[in-house]
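The chain is numbered in sequence order, starting from 1.
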Amino acid sequence: EFFGIMRYLTNKTGKNIHFNKTIEIKSNSVYWNNYPMNLVDYLSENFYQSLDVGAAFVCFDFKDKAIQMTSYALQSLNRSENGVHLKSWVIEVSNDKENWIEIDRHQNDPRLNGPNFKSVFIINNPLTDFYRYIRLRQIGQSWYECSNHYYFAIQYIEFYGKLKETNKSD
């Protein structure tokens, strides 16, 4: 786990691929200093956490690159069962950030509901096209034991598939 496209780019560039501008990682919801670029710091204990507002997303812009994704991996935060673990989400791809294609969906999925749980999710109907943007979007509440909460946190994310360079003018 966690030796895919993101780790390849990290090893190639020698440091966090958001900070060195290889890719850009943004979110519409950040709790305190738990920024989305922490998701690719595989050797640190930093993590990403959303606010308690729902519909949080993390968007990965591969800039002059594109991905044909076949699977992805997530690792939960080191928190007990029924903590701020991701429960329901979709993975979407786009080339223009306006038209999104859903390629994977999970509702009430228990595979991340525990400390440092790791899971690889296979895209059952992978697309043959390459995409510049990948977005993980929350579509429901988290496993947080106090009901009606949307906080969620993820330690790491990784994408698997094919990577290609695109035209610099795209």
Side-chain angles (χ1 to χ4, degrees), residues 1-51 55-78 84-86 89-106 111-112 116-123 125-139 152-170:
E1 297 124 350
F2 305 101
F3 284 93
I5 292 169
M6 307 298 254
R7 182 73 70 121
Y8 164 77
L9 292 172
T10 299
N11 290 343
K12 182 178 176 182
T13 61
K15 55 184 166 180
N16 184 298
I17 54 180
H18 173 82
F19 289 130
N20 67 21
K21 301 186 186 319
T22 301
I23 70 170
E24 185 173 40
I25 307 171
K26 289 186 173 181
S27 177
N28 66 339
S29 178
V30 177
Y31 180 78
W32 199 47
N33 64 348
N34 302 311
Y35 300 108
M37 68 278 298
N38 294 336
L39 291 169
V40 295
D41 275 340
Y42 302 112
L43 300 178
S44 84
E45 293 299 315
N46 294 329
F47 57 92
Y48 164 73
Q49 185 170 337
S50 74
L51 294 168
F57 69 79
V58 178
C59 185
F60 301 83
D61 178 357
F62 286 86
K63 298 181 176 183
D64 62 338
K65 299 165 188 53
I67 290 183
Q68 182 186 68
M69 191 163 54
T70 56
S71 60
Y72 61 100
L74 298 171
Q75 180 175 321
S76 68
L77 197 58
N78 187 15
V84 292
H85 305 300
L86 191 59
W89 71 94
V90 296
I91 298 289
E92 301 166 311
V93 294
S94 176
N95 277 318
D96 61 10
K97 283 179 73 175
E98 292 181 20
N99 300 297
W100 292 93
I101 301 168
E102 182 180 308
I103 61 170
D104 196 46
R105 174 178 284 264
H106 293 267
R111 287 180 278 181
L112 298 173
N116 297 314
F117 282 16
K118 300 174 188 175
S119 193
V120 175
F121 301 92
I122 306 297
I123 307 298
N125 297 305
L127 301 174
T128 57
D129 292 333
F130 285 76
Y131 293 92
R132 174 178 170 174
Y133 303 98
I134 298 175
R135 180 170 72 180
L136 179 148
R137 183 170 54 87
Q138 177 187 30
I139 58 169
F152 79 89
I154 304 172
Q155 187 79 48
Y156 306 125
I157 193 167
E158 180 60 282
F159 301 126
Y160 305 97
K162 295 179 182 175
L163 175 70
K164 77 170 186 176
E165 299 282 333
T166 59
N167 294 331
K168 301 285 184 192
S169 61
D170 284 355

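With hydrogens and angles ignored, the 3.5 Å screen pairs a side-chain donor or acceptor of S76 with a backbone N or O of N116. Although no hydrogens or angles enter the test, the distance criterion places no donor-acceptor pair under 3.5 Å between the side chain of Q68 and the main chain of Y131. Looking only at distances, a side-chain donor or acceptor of Y156 sits under 3.5 Å from a matching main-chain atom of Y42. One N or O on the side chain of K63 and one on the backbone of K21 form a donor-acceptor pair closer than 3.5 Å. A distance-only check finds a donor-acceptor pair linking the side chain of T70 to the backbone of Y160 [under 3.5 Å]. Using a distance-only test at 3.5 Å, with no hydrogens or angles considered, no donor-acceptor pair links the side chain of D104 to the main chain of V90. Here the side chain of D41 pairs no donor or acceptor atom with the backbone of S44 at under 3.5 angstrom. Using a distance-only test at 3.5 Å, with no hydrogens or angles considered, no donor-acceptor pair links the side chain of Y35 to the main chain of F47. At least one donor-acceptor pair closer than 3.5 Å links the side chain of Q155 to the backbone N or O of N46. Looking at E158, its side chain never comes within 3.5 Å of a backbone N or O of A73 through a donor-acceptor pair.
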Side chain to side chain contact (heavy atoms under 4.5 Å, CB included), that's the test. Do I154 and L77 meet it? Break it down for me.
CA-CA 5 Å; I154 304 172; L77 197 58; over 6 Å; no

So F57 and Q138, side chain to side chain contact (heavy atoms under 4.5 Å, CB included) or not? Walk me through it.
CA-CA 6 Å; F57 69 79; Q138 177 187 30; over 6 Å; no

Would F130 and I67 count as a side chain to side chain contact (heavy atoms under 4.5 Å, CB included) if you check the C-alpha gap in whole Å, the side-chain angles of each, and the deciding distance to 0.1 Å?
CA-CA 5 Å; F130 285 76; I67 290 183; 5.6 Å; no

Give the C-alpha distance, both sets of side-chain angles, the deciding distance and a yes or no for side chain to side chain contact (heavy atoms under 4.5 Å, CB included) between F117 and R111.
CA-CA 7 Å; F117 282 16; R111 287 180 278 181; over 6 Å; no

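Taking both residues in full, the closest heavy atoms of A55 and N28 are given as O-ND2, 3.2 Å, listed atom of the first, atom of the second, then distance.
Y72 OH to M6 CE: the interatomic distance, rounded to the nearest 0.5 Å, is 13.5 Å. Expressed to the nearest 0.5 Å, how far CG of L112 lies from CG of L86 amounts to 6.0 Å. Note: I123 CD1 to S71 OG = 7.0 Å, rounded to the nearest 0.5 Å. Interatomic distance, SG of C59 versus CD of E24, reported as 8.5 Å (0.5 Å rounding).
By the 4.0 Å N-to-carboxylate-O rule, R132 lies close enough to D61 to be salt-bridged with it.
Two residues are said to be in side-chain contact when any heavy atoms from C-beta on lie closer than 4.5 Å; V58 and I25 meet this criterion. Counting only heavy atoms from C-beta outward, the side chains of V30 and L51 never approach each other to under 4.5 Å. Inter-residue side-chain proximity for L39 and F60 is flagged as met; some heavy-atom pair is nearer than 4.5 Å. Side-chain contact between I157 and L136 is present, with heavy atoms from C-beta onward closer than 4.5 Å. Counting heavy atoms from C-beta outward, W100 and E102 have side chains that stay 4.5 Å or more apart. Residues L163 and L9 meet the side-chain proximity criterion, which asks for heavy atoms closer than 4.5 Å. Between I103 and M69, some side-chain heavy-atom pair lies under the 4.5 Å cut-off. R135 is not listed as a side-chain neighbour of I91, based on a closest heavy-atom distance of 4.5 Å or more.
Taking the ring axis of W89 as reference, the NZ or CZ atom of R137 does not stay both within 45° of it and closer than 6.0 Å to the ring centre.
For F152 and H85, the distance between ring centers is not under 6.0 angstrom.
Taking a 6.0 Å sphere around OH of Y31, one finds it holds 12 or fewer heavy atoms contributed by other residues, nucleotides or ligands.
Between the side chains of N99 and S94, not a single donor N or O lies within less than 3.5 Å of an accepting N or O.
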